Structures are given as C-alpha cells and as structure tokens.
Number of protein chains: 2
Amino acid sequence: MKKIDILKKLRSSGLRPTKQRVEIAKFLFEREKTFHFTVESLNKLLTKKTTSKIALATIYNTVHAFKTAGHLSEVEVRGNKTYFDTNVSNHHHFYDSETAELIDIDANDIVIQKIPKAPNGKKIKNVEVFINLKN
Amino acid sequence: MKKIDILKKLRSSGLRPTKQRVEIAKFLFEREKTFHFTVESLNKLLTKKTTSKIALATIYNTVHAFKTAGHLSEVEVRGNKTYFDTNVSNHHHFYDSETAELIDIDANDIVIQKIPKAPNGKKIKNVEVFINLKN
DNA sequence: TTTCACTTTAGAATAATTATAAACTAGGAT
DNA sequence: ATCCTAGTTTATAATTATTCTAAAGTGAAA
C-alpha cells in the first residue's frame, strides 16, 4: 500500500489527511500481516520509529477515527486492555493471557453448528469467539 | 440456600466467614436465577439493601476472592466494564450494548463444529462465545 | 481470654481513557 | 496566492475503574 493509497483511504472515509494521520496510517496499514496493538503499544512504537512526537490524545483520536471508518476493528480481552486489529474482516481470536497476545483465527476455521435465537426484539449483530489459551 | 450453607461455602473454600463476606455472599447466592453485576452495581445494591456500609475496596476484595474460589465467573465485554456472573458453569453470553446487559446462553445452545488447533506448545483453556446484539 | 494471621477500611495511588480549551492547519473560497 | 474556517492537534486536567497501603479491627485456634 503506497502513500497515495493512504491518502485515498483517508479522504474516502472523510478524514482529512493530516501529517499525524498519514504517519499513523502508514505505520499501521503499510504491512503485509495483520497487526494487533493497544494505544499504549502503538504510542511507544511510533515514538521509536519517528522523530516528530504525536500526542497520546491524538493517537486515541486517530485510532478511534480509523475504527469508526472501518479501517480497524476493536477487540477487548480479559485484563482491561483494548486491542485494535488491522484485520477488519469477520474473524475470531486466540488469546494467550500468559503473553497478553492475540492471534487471529480465520472465520472459516470456526464453524458454529447451532446458535440460539436473539431475545425479544433484538437481532444478532455479530458473533465473536475467543479461544483462551494455557500452557 | 440457607445461611448455614453460605458459611459452609465460605469455609470450604478457605474464606473466613466475616460479617461482610457473609452479607455479600447471601446477597449474591441466595437467589434462584443467575445474577450479573459489576462491582459498582453491587456496591449500590448493597448500600440500598443494608444499613451497614461495606467499603468499596472490601467489595473488590470479596468478589475477587469468590472468583478465585470458583463461586463467581468473570466476563469482560466491550466498554471496559467487568461483569461477574453467579453462573460458574461453562456457558456463553449475549451482550446487548444498547442496555449494557448480559444474558446467559447455556453451553448446550451453542455447538461448535469446527475449531482450530491451539498454536505451538499451547493448549485450549476454554472457548467463550459472545453474541453481540442490535435492535 | 489472649493472640495473631487474616480482613476491613479510608484514602492515596495508578492506569486507561476522555474532556477541555487554546493553538494550529488543510483546503475551499476569495 | 492569501484568507478563512471547520476540523484537528496538543498539553493538561478530569474521569473512571481498580489496586495499593498502612492502620485498625476481628475470627478462631490454643
């Protein structure tokens, strides 16, 4: 994914491509594999990677803007850490609480045979499966 | 569940049955249906219910002691609220983000046909399914 | 009943996140 | 090109949930 695509990606979702957003977007989306991170870890990585410092609040803002635009998905796991995932397709996760690590599971690798109906006037938005790991 | 059973329940799990623990345990376990709560909601309910005030830190301590003893299970959902559940059997949840409400799903009501192997030297501890609801 | 490890308590501390308000800036209008 | 303004960034304060601390209190064994 080239810089021009980053600009398109931002503009097409109504996000003005500011210096900070472009920098963060390049860091997140110009990679082959999916990437899991917390705001804290992203902040540290960006601080290392670049000379210009981006405010923590901006990273929060930007990550949430990307999430709202559908460029990131949010995953919450035991231990009060919110992870974001550059894989926005429908998928599931292994969670290793020893290492606080998330691993993607392709949606096709989990098949649910039986599922209950949604209660009263509600509908099912999505189904998330967490497979918690131990050693 | 009578008071004597509460005392047994506490003693049998190595918890000294103090006034506060008995009061909280009675409130949590002397009911028919399973009960979902956060520490905050429990604190409010206990304040209403009883005259003697229990310190918030004690409620945190006690709830975690009950969890460690296996009398409560912990469920974490989007939005950074930790719910506890008096249903400690293996089961799943609906989560309604509109009302921030959790609803139990019996383990038998979800059947998973295909599941991936755990990575490298890891084993599967448990599988949690969240069905997120919308209107 | 005395003793002491376990508990409770109020308040301080921490961590993650959100709110605030002033300064800055992208990009359309002039 | 310069101006203007809504959108954005920033540092800091505020908030929320939770844990820590250290002193005072209390079951229950001896």
Side-chain angles (χ1 to χ4, degrees), chain A residues 3-4 6-25 27 36-47 50-69 71-72 74-84 100, chain B residues 3-4 6-25 27 36-47 50-69 71-72 74-84 97 100 102:
Chain A
K3 192 184 176 185
I4 184 65
I6 290 287
L7 294 185
K8 274 186 194 157
K9 186 168 195 159
L10 294 178
R11 285 221 179 76
S12 68
S13 40
L15 295 169
R16 190 188 289 178
T18 63
K19 189 157 51 71
Q20 293 86 340
R21 282 177 178 162
V22 170
E23 196 162 325
I24 295 172
F27 185 79
H36 295 105
F37 61 95
T38 64
V39 170
E40 192 199 2
S41 71
L42 178 59
N43 185 37
K44 277 184 191 150
L45 290 168
L46 285 172
T47 303
T50 67
T51 46
S52 56
K53 182 173 130 299
I54 301 178
L56 186 58
T58 300
I59 298 176
Y60 273 99
N61 290 342
T62 302
V63 163
H64 283 119
F66 288 177
K67 183 200 153 195
T68 301
H71 303 316
L72 291 174
E74 192 175 4
V75 186
E76 192 141 357
V77 292
R78 196 129 316 195
N80 256 7
K81 277 192 188 295
T82 301
Y83 285 80
F84 291 87
Chain B
K3 194 185 174 182
I4 183 65
I6 291 287
L7 295 183
K8 273 186 194 156
K9 187 168 195 158
L10 294 179
R11 284 220 180 77
S12 69
S13 40
L15 295 168
R16 189 187 290 178
T18 63
K19 189 156 53 71
Q20 293 85 342
R21 281 177 179 163
V22 171
E23 196 162 326
I24 296 173
F27 185 79
H36 296 104
F37 61 95
T38 64
V39 170
E40 192 199 3
S41 71
L42 178 59
N43 184 37
K44 277 183 191 152
L45 290 169
L46 285 172
T47 303
T50 67
T51 47
S52 57
K53 183 173 130 296
I54 300 178
L56 186 59
T58 300
I59 297 177
Y60 273 99
N61 289 342
T62 302
V63 163
H64 284 119
F66 288 176
K67 182 200 152 195
T68 302
H71 303 315
L72 291 173
E74 192 175 3
V75 185
E76 194 141 357
V77 292
R78 195 129 319 197
N80 256 7
K81 276 191 188 295
T82 302
Y83 285 79
F84 291 87
S97 60
L102 274 182

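To find a chain, count down the sequence lines: A is the first, B the second, and so on, and within it residues start at 1. These figures come from a predicted structure and were not determined experimentally.
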[X] side, atom [atom1]; [Y] side, atom [atom2] - distance, nearest 0.5 Å:
{"X": "A:I24", "Y": "A:F66", "atom1": "CD1", "atom2": "CZ", "answer": "6.0 Å"}
{"X": "A:Y60", "Y": "A:N43", "atom1": "OH", "atom2": "CG", "answer": "9.0 Å"}
{"X": "A:N61", "Y": "A:I54", "atom1": "CG", "atom2": "CD1", "answer": "11.5 Å"}
{"X": "A:L42", "Y": "A:E40", "atom1": "CG", "atom2": "CD", "answer": "11.0 Å"}
{"X": "A:K44", "Y": "A:T38", "atom1": "NZ", "atom2": "OG1", "answer": "8.0 Å"}
{"X": "B:T62", "Y": "B:H64", "atom1": "OG1", "atom2": "NE2", "answer": "10.5 Å"}

Once you round it to whole Å, what is the distance between [atom2] of [N] and [atom1] of [X]?
{"X": "B:H64", "N": "C:dT8", "atom1": "NE2", "atom2": "C1'", "result": "17 Å"}
{"X": "A:L42", "N": "C:dT17", "atom1": "CG", "atom2": "C1'", "result": "15 Å"}
{"X": "A:L10", "N": "D:dG7", "atom1": "CG", "atom2": "P", "result": "17 Å"}
{"X": "A:F37", "N": "C:dA16", "atom1": "CZ", "atom2": "P", "result": "16 Å"}
{"X": "A:I59", "N": "C:dT18", "atom1": "CD1", "atom2": "C1'", "result": "15 Å"}
{"X": "B:I24", "N": "C:dT9", "atom1": "CD1", "atom2": "C1'", "result": "13 Å"}
{"X": "A:K44", "N": "C:dA16", "atom1": "NZ", "atom2": "C1'", "result": "13 Å"}
{"X": "B:N43", "N": "C:dA10", "atom1": "CG", "atom2": "P", "result": "11 Å"}

Phosphate-side-chain proximity, B:Q20 and D:dT26, N/O vs OP1/OP2 below 4.0 Å: no
OP1 or OP2 of C:dT8 under 4.0 Å from side-chain N/O of B:K53: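 Result: no.
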Between [options], which nucleotide has the shortest distance from any of its atoms to the side chain of [X]?
{"X": "B:Y60", "options": "D:dT18, C:dT8, D:dA11", "result": "D:dT18"}
{"X": "A:I54", "options": "C:dA16, D:dA17, D:dT10", "result": "D:dT10"}
{"X": "A:E40", "options": "D:dT18, D:dT9, C:dA16", "result": "C:dA16"}
{"X": "A:A55", "options": "C:dT9, C:dT17, D:dT10", "result": "D:dT10"}

Closest approach of A:P17 to A:L7 (non-hydrogen atoms, all atoms of both residues): CB-CD2, 3.7 Å
Heavy-atom closest pair, residues B:A65 and B:L15: CB-CD2, 3.9 Å
Inter-end axis angle, the helix from C:dT1-D:dA30 to C:dT30-D:dA1, with every axis fitted to five base pairs (rounded, 10 degrees): 10°
Nucleotide-resolved protein contact map, nucleotides 20-30 of chain C, B/S/- at heavy-atom distance under 4.0 Å: -----BBS---
Pairs meeting criterion side-chain hydrogen bond (donor to acceptor under 3.5 Å, both in side chains) with involvement of residues 11-20 of chain A, two or more places apart: A:S13-A:H71
5′-ward residue of the pair B:L56/B:L15 relative to DNA chain C: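 The 5'-side residue here is B:L15.
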Donor-acceptor under 3.5 Å (A:S41 side chain, A:F37 main chain):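 It does not hold such a pair.
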